[in-house]
Trainee: 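Starting off with a structure, shown below.
Protein chains get the first letters and strands the later ones, always in sequence-line order, with residue 1 at the start of each. Just the heavy atoms: all of them, side chains too, but no hydrogens, waters or symmetry mates, feed the values below.
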Amino acid sequence: MTTPQKISGSTPRAGDSPRPKSHFIRDIILRDIESNKNGGRVHTRFPPEPNGYLHYGHAKSIHLNFGLAKEFGGKFNLRFDDTNPLKEEMEYIESIIEDVRWLGADWEDRLFYASDYFEQLYAWAVQLIQAGKAYVCDLTADQVREYRGTLSQPGRESPFRGRGVEENLALFERMRAGDFPDGSRTLRAKIDMASPNLNMRDPILYRILHAEHPRSGNKWCIYPTYDYTHGQSDSIEGITHSICTLEFEDHRPLYDWFIEQLGIHHPQQIEFDRLNLTYTLLSKRKLLQLVRDGHVRGWDDPRMPTLKGARRRGYTSEAFREFCSRIGVSKTNGVIELALLEHCVREDLNKRALRVMAVLRPLRVVIENYPEDLVEEMEAVNNPEDANAGTRKVPFSRVLYIERDDFREDPPKGFYRLSPGREVRLRYAYMMTCRDVIKDASGNIVELRCTYDPETRGGNAPDGRKVKSTIHWVSAPHALEAEARLYDTLFTKEDPNEVQEGEDFTINLNPNSLEIVERCKIEPCLAGAAAGSLYQFERLGYFCVDPDSKPGKLVFNRTATLRDTWAKIERKQKGQGGSKGLRYCT
RNA sequence: UGGGGCGUCGUCCAGUGGUAGGACACAAGCCUUUGGAGCUUGGUACCUAGGUUCGAAUCCUAGCGCCCCAGCCA
């Protein structure tokens, strides 16, 4: 008889066969396949504008689009919607390609650019003019706005709306030829100036922009707007399901209008909620501002919610994929707690990161009864979660460094690490008792004098006595020095946009988002660790080697802290509450 | 204000007429040579008010609240 299984439609637990999480978009596709819409084809795409670096929110979209194509044996395209030469750069194109690949999405040979469709888009515009559905308008930008009306009042028709087909054709051709200055004319669709949907009030299809495009160079001086480009680009590529975020829901009638007027393949647009994360800003414009104004060290600063930043910080793409499938997809405007992302990161790192001992803030310890010249090799487990990771030897000697936080001269209640007269276990080594505290002239603790029990090699006492605490250590003569960069949230508020009248979101920047700790002491086995390598510093957190590392001086980024029960108790004792408010640095 | 969208534990997501479930977070406990990991247990969540029904988170009606739209940005 088999054990009854728990039935649940949600995320499978680790070890279960990965079952895609159900959501409304997936349901729509399932129905479309069943009804043989599009001949049962599933073809999605990720359509970024190359005007910035990809952030966590894009990861959600990529995961959704690629995941759907993959699940249903369909195709996934990467297409750049590069319709605004004023904001776009090759640098962004290159970085986006890297990031999408890093996340594991595969577009095979289908890397496209809306700019490659400019000629077709132009021909379609001519077709619309010929059908009397588009006209050249001489109104200025300000006038266009005035004529558009407001949310509650209908707009007025442009005086140029009645231009004849031939005149429109000639004018549009001259726009392309460069006969007119920027902003002097536009090509507009002739739809309905009284529509309650502002997108239908004769939207602009083409604007004059004498600007060099990162890909088409100076071939064009008129550029199609996003609204005129996006839907048709999807159509050209045979996209079946055009998945986008909620704010484009209002635009769908317009995209449908273009498709119908042109009589071309009709992709189905489906809108979902964009990602919002606590303590995090996911707006390209604001992220750009943080970089430009020097609030962070660059797009790949580990505090940035960019994919580049995440990677440098040590977040894995596996963790991201898990995160994306756990948050689900819906149309609710929600905010995901950062804790969930961190959980996914820890979950992945716990399985893969090699354990190592490192002391961030060293306190010198001399073991008085340990022979001066003796060095022992202690065997340490590389990863208790992975038997295949094996073991390593860690040198042990008379002088060690331990973490300053692991000693309290006057231990508070509940603190059971080292203190005068107390015995603790040195991980993988011996039991050790603190005998004396050495201070400098100003009363700072500079050294601990301790004794060890030679009978406890490996960590267990033959007499069976127990010790409350196990602490990490590094042998002083063998230690390597390193720099550690400890990160906290970039903003102090769950919602960084919550500001008072007249204030800017930068007021919420966390002054303690980066703490640099120099002269950390680390195990010798770390010598030569490659940039990007992931480790767990036992009892401290996950760390990864930063590319700033130089031979002889490693730099580590703290990817995530470990759960710190003692810190939580202590915060509670200080009456700060366990969960709310700003988190902590170390 | 016109239009579009959305309201289920603290948070996110399921449940689409038949005992409201999962994850994260939180709390308590177990275990532990990482105060890690793991394991166990816990909690008055269906926006409100009417209605239909034997039975409503699901259907109907009326409210209320939140988000988006007035770029020649995407």
Trainee: If you look at every strand shown and take non-hydrogen atoms under 4.0 Å, does A:Tyr206 touch a base, only sugar-phosphate, or nothing?
Mentor: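 Answer is nothing: A:Tyr206 stays at 4.0 Å or more from every strand.
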Trainee: Under 4.0 angstrom, heavy atoms only, what part of the nucleic acid is A:Leu187 near: base, sugar-phosphate, or nothing?
Mentor: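 Touches nothing.
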Trainee: Using atom C1' in both nucleotides, what's the gap between B:G22 and B:A45 to the nearest angstrom?
Mentor: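 Roughly 14 Å separates the two C1' atoms.
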Trainee: Determine the contact category for A:His230: base if any of its heavy atoms lies under 4.0 Å from a base atom, sugar-phosphate if only primed atoms, P, OP1 or OP2 are that close, otherwise nothing.
Mentor: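 Nothing, no nucleic acid heavy atom in range.
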Trainee: In the strands shown, is B:U32 matched to any nucleotide by a Watson-Crick or G-U wobble pair with both distances under 3.5 Å, and which?
Mentor: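 The answer is none; no pair meets the criterion.
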Trainee: Check A:Glu247 with A:Arg274, please: is the shortest side-chain N to carboxylate O separation under 4.0 Å?
Mentor: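 Judged by the 4.0 Å cut-off on N to carboxylate O distance, A:Arg274 and A:Glu247 do form a salt bridge.
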Trainee: Classify A:Gln153 by what it touches in the nucleic acid, base, sugar-phosphate, or nothing, heavy-atom distance under 4.0 Å.
Mentor: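 Nothing, no nucleic acid heavy atom in range.
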Trainee: Do the ring centers of A:Phe272 and A:His23 come within less than 6.0 Å of each other?
Mentor: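 Between A:Phe272 and A:His23, the centre distance exceeds or equals 6.0 Å.
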Trainee: Looking at every strand, decide which applies to A:Val467 at a 4.0 Å heavy-atom threshold: base, sugar-phosphate, or nothing.
Mentor: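 Answer is nothing: A:Val467 stays at 4.0 Å or more from every strand.
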Trainee: In terms of ring plane angle, is the pair A:Tyr452 and A:Phe396 parallel, tilted or perpendicular, where the classes change at 30° and 60°?
Mentor: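 It falls in the tilted class, 30° to 60°.
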Trainee: Are A:Arg465 and A:Glu423 within salt-bridge range, i.e. N to O under 4.0 Å?
Mentor: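 Here A:Arg465 pairs with A:Glu423 in a salt bridge, since their nearest N and O are under 4.0 Å apart.
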Trainee: When we call it a touch if two heavy atoms are under 4.0 Å apart, what does A:Thr565 touch: a base, just sugar-phosphate, or nothing?
Mentor: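 The residue A:Thr565 makes sugar-phosphate contact but no base contact.
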Trainee: Which whole number of Å gives the distance between the C1' atom of B:G43 and that of B:U11?
Mentor: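 That atom pair is separated by 15 Å.
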Trainee: Is B:G4 syn or is it anti, if syn means the base angle is within 90 degrees of 0?
Mentor: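 Here B:G4 takes the anti form, which means its glycosidic angle is more than 90° from 0.
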Trainee: Taking atom P in both B:C24 and B:G42, what distance in whole Å separates the two?
Mentor: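 Nearest-Å result for B:C24 against B:G42 at atom P: 16 Å.
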Trainee: Rounded to whole angstrom units, what separation is found between the CG atom of A:Leu254 and the P atom of B:C68?
Mentor: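 Nearest whole value for this atom pair: 21 Å.
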Trainee: Side-chain N or O of A:Thr332 versus OP1/OP2 of B:C12: is the shortest distance under 4.0 Å?
Mentor: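 False: A:Thr332 side-chain N/O out of range (4.0 Å or more) of B:C12 OP1/OP2.
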Trainee: With no hydrogens and no angle check, just 3.5 Å: does a side-chain donor-acceptor pair link A:Glu523 and A:Tyr535?
Mentor: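 Their side chains do not contain a donor-acceptor pair, so the 3.5 Å distance test is not met.
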Trainee: So A:Arg145, base contact, sugar-phosphate only, or nothing? Heavy-atom distance under 4.0 Å.
Mentor: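 A:Arg145: backbone/sugar contact only, no base atoms under 4.0 Å.
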Trainee: I need the CG-C1' distance between A:Asp495 and B:C66, as an integer number of Å.
Mentor: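 Whole-Å distance recorded here is 13 Å.
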Trainee: Any base atoms under 4.0 Å from A:Glu337, or only sugar-phosphate, or nothing? Heavy atoms, all strands.
Mentor: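 The answer is base, as A:Glu337 lies within the cut-off (heavy atoms under 4.0 Å) of a base atom.
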Trainee: Given that both distances must come in under 3.5 Å, which nucleotide forms a Watson-Crick or G-U wobble pair with B:G63?
Mentor: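 Matched B:G63 with B:C47 under the 3.5 Å cut-off.
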Trainee: Tell me: CG of A:Asp182 to P of B:C72, nearest whole Å?
Mentor: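 For the pair A:Asp182 CG and B:C72 P, the rounded distance is 15 Å.
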Trainee: With sugar-phosphate meaning primed atoms plus P, OP1 and OP2, does A:Ile204 contact a base, only sugar-phosphate, or nothing at under 4.0 Å between heavy atoms?
Mentor: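 The residue A:Ile204 makes base contact.
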Trainee: Counting just side-chain N and O atoms, does A:Lys568 come under 4.0 Å of either OP1 or OP2 of B:A27?
Mentor: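 For B:A27, OP1 or OP2 has a side-chain N or O of A:Lys568 closer than 4.0 Å.
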Trainee: Does the structure show a Watson-Crick or G-U wobble partner for B:U19, both distances under 3.5 Å? Name it, or say none.
Mentor: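 None - no nucleotide pairs with B:U19, as no candidate has both distances under 3.5 Å.
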Trainee: Taking the six-membered ring for Trp, are the ring centroids of A:Phe160 and A:Tyr147 within less than 6.0 Å of each other?
Mentor: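 Ring centres of A:Tyr147 and A:Phe160 not closer than 6.0 Å.
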Trainee: B:C13 phosphate, OP1 or OP2: any side-chain N/O from A:Ser330 under 4.0 angstrom?
Mentor: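 True: A:Ser330 side-chain N/O within range (under 4.0 Å) of B:C13 OP1/OP2.
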Trainee: For A:Tyr223, answer base if it contacts any base atom (sugar-phosphate contacts may also be present), sugar-phosphate if it contacts only those atoms, and nothing otherwise; contact means non-hydrogen atoms under 4.0 Å.
Mentor: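 No contact at all - A:Tyr223 keeps every heavy atom at 4.0 Å or more from the nucleic acid.
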Trainee: Quick one: is A:Arg285 getting a side-chain N or O under 4.0 Å of the B:A74 phosphate, OP1 or OP2?
Mentor: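 Answer no for this pair, as no side-chain N or O of A:Arg285 is under 4.0 Å from OP1 or OP2.
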Trainee: Could you check whether A:Ser469 gets within reach of a base, just the sugar-phosphate, or nothing at all, counting any heavy atom under 4.0 Å?
Mentor: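 Nothing, no heavy atom under 4.0 Å.
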Trainee: So what does A:Thr150 hit on the nucleic acid, given a heavy-atom distance under 4.0 Å: a base, only sugar-phosphate, or nothing?
Mentor: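 The answer is base, as A:Thr150 lies within the cut-off (heavy atoms under 4.0 Å) of a base atom.
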Trainee: Taking atom P of B:C69 as reference, at what distance in whole Å does atom CG of A:Leu198 sit?
Mentor: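 From A:Leu198 CG to B:C69 P: 11 Å.
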Trainee: Any side-chain N or O of A:Arg563 below 4.0 angstrom from OP1/OP2 of B:A37?
Mentor: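 The answer is yes; a side-chain N or O of A:Arg563 sits under 4.0 Å from OP1 or OP2.
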Trainee: A:Ile569 near the nucleic acid: base, sugar-phosphate alone, or nothing, with a heavy-atom cut-off under 4.0 Å?
Mentor: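 Answer is base: heavy atoms of A:Ile569 come under 4.0 Å of a base.
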Trainee: Within the structure, does a side-chain N or O atom of A:Thr83 lie under 4.0 Å from either OP1 or OP2 of B:A74?
Mentor: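 Yes, within the criterion.
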Trainee: With a 4.0 Å cut-off on N to O distance, would you call A:Asp273 and A:Lys60 a salt bridge?
Mentor: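 Salt bridge between A:Asp273 and A:Lys60, a charged N being under 4.0 Å from a carboxylate O: yes.
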Trainee: Would you indicate, yes or no, if B:G36 has its OP1 or OP2 atom less than 4.0 angstrom from a side-chain nitrogen or oxygen of A:Arg346?
Mentor: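 No, no such contact exists.
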Trainee: At under 4.0 Å between heavy atoms, what does A:Arg148 touch on the DNA or RNA strands: base, sugar-phosphate, or nothing?
Mentor: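 Sugar-phosphate: the residue A:Arg148, judged by heavy atoms under 4.0 Å, touches backbone atoms but no base.
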Trainee: Under 4.0 Å from OP1 or OP2 of B:U34: is there any side-chain N or O of A:His472 that close?
Mentor: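 Checking B:U34 against A:His472, no side-chain N or O comes under 4.0 Å of OP1 or OP2.
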Trainee: Is it true that A:Phe172 and A:Tyr122 have ring centroids separated by less than 6.0 Å?
Mentor: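 Between A:Phe172 and A:Tyr122, the centre distance is under 6.0 Å.
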Trainee: Between A:Lys284 and B:C73, does any side-chain N or O lie under 4.0 Å from OP1 or OP2?
Mentor: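 Looking at the OP1 and OP2 atoms of B:C73, neither is under 4.0 Å from any side-chain N or O of A:Lys284.
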